[in-house]
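To start, the structure itself, in structure tokens.
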Number of protein chains: 2
Amino acid sequence: MLIAETFKALGDPVRLEIIERLSSGSLYTLSSVSKDLGLTRQGARKHLQVLADAELIKMEPTGRNTIITFAPASLKAADSFIKQLERKWDVRLEALREFAEGDKS
Amino acid sequence: MLIAETFKALGDPVRLEIIERLSSGSLYTLSSVSKDLGLTRQGARKHLQVLADAELIKMEPTGRNTIITFAPASLKAADSFIKQLERKWDVRLEALREFAEGDKS
DNA sequence: TACATATGCAACCTTTTGGTTGCTTTTTTA
DNA sequence: TAAAAAAGCAACCAAAAGGTTGCATATGTA
């Protein structure tokens, strides 16, 4: 929910790698993550938990496995936030430019 | 430079607040940041250093003050990264959809 | 020049993070 | 049913983060 939490979850190379692989379709279970990333299962689990808390992935226990899937909603929220910042900045620059022009005339 | 570093820098409520205020034009110096955010000067400085290392802001010593300015380039990079993830995901969903259709015919 | 302002650097402290090992439980499958 | 595969939980550990105080330094200003 909190935007800072989303960014924080993305702010780690291992987690970014997980997200990147998930978005292109690999890494389906907890153990495949730990194998592919070369971490212990618990190490992988902690990272996945962080991502799940930020709602960037979903973890569903299914029989013996825990299936990991990508959840793009939070990513969209992060995207919107960044865009909003860029927009604010542009508006401000534009205001400054207009002020400078007004100064000239 | 590293995308994870950018996200990490954004992954803290205080720093997000700083960036947000900067993008709309307030918070010009180190001390104004510390005053407005209610931190000690050194606390503020550490946060600003993190943002500067991630190249999200510029700090330039100017006489007695240190002027803080917003630097939107890294933000654009983060934006592109997120977009690329979303695109990958969409491509994959599309492939799945086509596969399902092929299955039907 | 003397004083106030703005900053820098270093040390310190507590909490969080990233990672591990060990042990138990659940679910397949041979 | 017995073995192995996948996972959960807890404890532990070192390093990083977030924040503080103290002291020194540079820069304006009265």
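Chain letters run A, B, ... following the sequence lines, proteins first, then strands; residues in each count from 1.
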Spacing of [X] atom [atom1] relative to [N] atom [atom2], expressed in whole Å:
{"X": "Glu60(B)", "N": "dT27(D)", "atom1": "CD", "atom2": "P", "result": "16 Å"}
{"X": "Ile68(A)", "N": "dG8(D)", "atom1": "CD1", "atom2": "P", "result": "8 Å"}
{"X": "Leu39(A)", "N": "dT17(C)", "atom1": "CG", "atom2": "P", "result": "17 Å"}
{"X": "Ile18(A)", "N": "dG18(C)", "atom1": "CD1", "atom2": "C1'", "result": "12 Å"}
{"X": "Phe7(B)", "N": "dT17(C)", "atom1": "CZ", "atom2": "P", "result": "18 Å"}
{"X": "Asp36(B)", "N": "dA6(C)", "atom1": "CG", "atom2": "P", "result": "13 Å"}
{"X": "Met59(B)", "N": "dA6(C)", "atom1": "CE", "atom2": "C1'", "result": "14 Å"}
{"X": "Gln49(B)", "N": "dA16(D)", "atom1": "CD", "atom2": "P", "result": "17 Å"}

Counting just side-chain N and O atoms, does [X] come under 4.0 Å of either OP1 or OP2 of [N]?
{"X": "Arg45(B)", "N": "dT7(C)", "value": "no"}
{"X": "Thr66(A)", "N": "dG8(D)", "value": "yes"}
{"X": "Ser31(A)", "N": "dA5(D)", "value": "no"}
{"X": "Lys8(B)", "N": "dA17(D)", "value": "yes"}

Problem set entry | Rounded distance (nearest 0.5 Å) linking atom CD of Glu5(B) with atom CD of Glu55(B) | 8.0 Å

Seminar exercise, completed: Rounding to 0.5 Å, atoms CG (Asp53(A)) and CG (Leu2(A)) come to a distance of 11.5 Å

Seminar exercise, completed: Assert: residue with more 5' nearest nucleotide on DNA chain C, out of Ala44(A) and Asn65(A), is Ala44(A)

For this session: Could you check Lys46(A) against Pro61(B) and say which one's nearest nucleotide on DNA chain C is further toward the 5' end?
Result: Pro61(B)

Problem set entry | Shortest side-chain distance from Leu30(A), nucleotide among dT27(C), dG18(C), dG8(D) | dG8(D)

For this session: Can you figure out which of dG19(C), dG19(D), dA6(C) approaches the side chain of Arg64(B) most closely?
Result: dA6(C)

Exercise. Any donor-acceptor pair under 3.5 Å between the side chain of Arg41(A) and the base of dG19(C)?
Worked result: no

Exercise. Quick one: the side chain of Gln42(A) and the base of dG22(C), do they pair up donor-acceptor inside 3.5 Å?
Worked result: yes

Problem set entry | Sugar-phosphate only, base, or nothing, as touched by Thr40(A) at under 4.0 Å among non-hydrogen atoms | base

For this session: For Gly63(A), answer base if it contacts any base atom (sugar-phosphate contacts may also be present), sugar-phosphate if it contacts only those atoms, and nothing otherwise; contact means non-hydrogen atoms under 4.0 Å.
Result: sugar-phosphate

Problem set entry | Ile68(A) vs Lys58(A), side-chain contact (heavy atoms from CB on, under 4.5 Å): CA-CA, chis, key distance, verdict | CA-CA 6 Å; Ile68(A) 314 291; Lys58(A) 246 179 40 188; over 6 Å; no

Seminar exercise, completed: Residues Phe70(A) and Leu56(A): closest non-hydrogen pair is CD1-O, 3.6 Å

For this session: Would you name the heavy atoms of Ser23(B) and Leu85(A) that are closest together and state the gap between them?
Result: OG-CD2, 3.5 Å

